[in-house]
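Proteins come first, then strands; the chains are lettered A, B, ... in the order of their sequence lines, and each starts at number 1.
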2 protein chains.
Amino acid sequence: MAKIKARLNGTKKDAIIQSAAALFRHKGFKASSMRELAEEIGVEAPSLYNHIGSKSELLQGICFKIAADFTQHLQSVENSGNSVIHKLEQLIRFHIRIMLQEYNEVYVANHEWKHLEEPFLADFLNQRKSYEKRITQLIKDGISKKEVKNIHPHVAVLTILSAVRGIEFWQRHKTAISTKELEENMVDHLLNGLTI
Amino acid sequence: MAKIKARLNGTKKDAIIQSAAALFRHKGFKASSMRELAEEIGVEAPSLYNHIGSKSELLQGICFKIAADFTQHLQSVENSGNSVIHKLEQLIRFHIRIMLQEYNEVYVANHEWKHLEEPFLADFLNQRKSYEKRITQLIKDGISKKEVKNIHPHVAVLTILSAVRGIEFWQRHKTAISTKELEENMVDHLLNGLTI
DNA sequence: TAGAAAAACTAATATCCGTTAGTTTTGTAA
DNA sequence: TTACAAAACTAACGGATATTAGTTTTTCTA
C-alpha cells in the first residue's frame, strides 16, 4: 500500500502538491529539492514520480489553481449588482480570506511564478494582467458614477492588490489579531484612508 | 588589465554587485549562476573571485545596503519636527522614490532575503522588525494626538509598507505615468482613501 | 487465495553548481 | 625595460540535482 497518505478528501497527488506548496513557500522553488519533498512525505524521491510528472508540474498546479480561484471570484463579483465600493470591498475581503486560508499556495503563486516554464509563464502572466485590467475597469466605472474619487485607476488597483498581498506577513502574528479585525481595519484603511 | 569595468565612480566590486542585483532580480538568487553573472560582465566565472568573496556575499551586500538606506531615512524623519501625517507622507514618498531609483536592489532585498545565511538572516530580519516597530509607534503617536483615526496601528503599517512595495509592478508601465503622479495618487489613497 | 496493478525501492546517469588551484596575461611604476 | 601586482585564464573537484530504468514490495480485486 502507498505510504503516501492521501488527505481525507483528495488524491495522493493532491497531498504531494500541498506538501510542495509548504516547502516551496518556506525555501523557494529553486532551493527546494525533490529529495526534501520526498522526505517530508516519508518516501524516497523517485517514488514521487509514480504520482506526478515533474517538479515543474507541481509549481504549475499551485499557480494555476490559485489564479483560477481569483478569476472565478472576480467573475461572481462582477455579476453581482452591487455598488462599486461594495464590489471593491468584496474583492479585498476575498483576498484577505484566501490568503489566510490557503497561505502556502497563494504565497507560492505570488512569489515563485517566475520559475514557471513557457508556455505556462506567459499564460500565467496573461491571467494576472487580465485580472488587474478588470479591476481597473471597475474603478473607472466607480469614478464615472461619482462613487469613487478621481484617482488614477491603475494606481489604485496597484495599491489595493499590493496592500492585500502584505497579509503574508500576518502569519507570524496570527494570534495577536483576529481575522475579522484585520479585515475591517484594512478595508477601512484602503477605502476611507487614515485621516480623521 | 581588468576587463571588468568599474562604473565611473565605484570599484569593480561595486560593478559586480550591481550586475548581480539585476540578475538576481530577474531570475532569483538560487536560479542565478556565477557563470551567468560572469558572462553578463564579459569574464569567466572564476575571475569574479578576484573581486568578491562568494555568491552569498553579493546577496548580503545588496540586502544590507538597502536596509541601511531605509533605516537612515527613518531616523531623519523621526528627528524632523513634523506632524505624524506629514512624517508618514515623507516615508511613503521615500519608499516610492527609492523603489523607482534602485529597483533591482530593493526588489532583491524584498524577495531574496530568505537565501541569506546565518547570522546575516537573523540580523536582516531584526532590522526589518525594528523598522516596522518604529513606524507602528509613529502611528500610535498619531492616534493619541488625534491626528490619525483609531485604526489598528500594526495593520496600518502593514498596509502602507505592502502597498508601497507594489511599485515593483510599475516598472513595466514606467512610461504611462510620471513618478510625481504615481506618488501623489498613492499618498492620497493611503492617507485619505478612495471614497469621495 | 491468486493474479494484476499500484507504488514503493535501489542504483545510476548526466548535468550543473560554487569554488579552488595553478598558470598566464595585462597594466603600472621604477 | 624590468619587476611587481592585479586580474584574467584553463582545468578540475566534490557535491547536489532532477529524473530514468529496472526491480521488489504492497494493496486491491476477483
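Among the nucleotides C:dG18, D:dC9, D:dT20, the one closest to any side-chain atom of B:K55 is C:dG18. Checked against C:dG18, D:dA18, D:dA7, the side chain of B:K12 finds its nearest nucleotide in D:dA7. Of the candidate nucleotides D:dA12, C:dA8, D:dT20, D:dA12 has the atom lying nearest to any side-chain atom of B:R35. Out of C:dG18, D:dT19, D:dA8, the shortest distance to the side chain of A:M34 is found at D:dT19. For A:H51, taking side-chain heavy atoms from C-beta onward, the closest of the listed nucleotides C:dA7, D:dA18, C:dG18 is C:dA7.
For the pair B:E105 and B:K65, the salt-bridge criterion is not met [side-chain N within less than 4.0 Å of a carboxylate O].
Nearest heavy atoms, A:R165 versus A:M99: O-CE, 3.5 Å.
Pairs engaging residues 54-64 of chain B under the salt bridge (Lys or Arg N to Asp or Glu O under 4.0 Å) rule: B:K13-B:E57 [sequence neighbours left out].
Tested against B:L91, the residues B:E78, B:H86, B:H73 include a single side chain to side chain contact (heavy atoms under 4.5 Å, CB included) partner, B:H73.
Atom OH of A:Y49 is separated from atom P of D:dT17 by 12 Å (rounded to the nearest Å). Nucleotide C:dT26 holds its C1' atom 16 Å from the CD atom of B:E44, rounded to whole Å. Taking atom CD1 of A:I52 as the reference point, atom P of D:dT19 lies 7 Å away to the nearest angstrom. Atom NZ of B:K30 and atom C1' of D:dA18 are 16 Å apart (whole Å). Nucleotide C:dT19 holds its P atom 13 Å from the CD1 atom of B:I16, rounded to whole Å. What separates CD1 of B:I41 from C1' of D:dC9 is a distance of 16 Å, to the nearest Å. We find that CZ of B:F29 is positioned 10 Å from C1' of C:dG18, with the value rounded to whole Å. Regarding A:L48, its CG atom lies at a distance of 14 Å from the P atom of C:dT10, rounded to whole Å.
Nearer the 5' end of DNA chain C, as judged by each residue's closest nucleotide, is the contact made by B:E36, out of B:G53 and B:E36.
When heavy atoms are screened at a 4.0 angstrom cut-off, B:S32 is found touching the sugar-phosphate backbone but no base atom.
With sequence neighbours excluded, the residues that form a side-chain contact (heavy atoms from CB on, under 4.5 Å) with A:A45 are A:R35, A:A38.
In the interface, the side chain of B:N50 is paired with the base of D:dA8 through a donor and an acceptor atom under 3.5 Å apart.
Of the side-chain N and O atoms in B:S47, one or more sit less than 4.0 angstrom from OP1 or OP2 of D:dC9.
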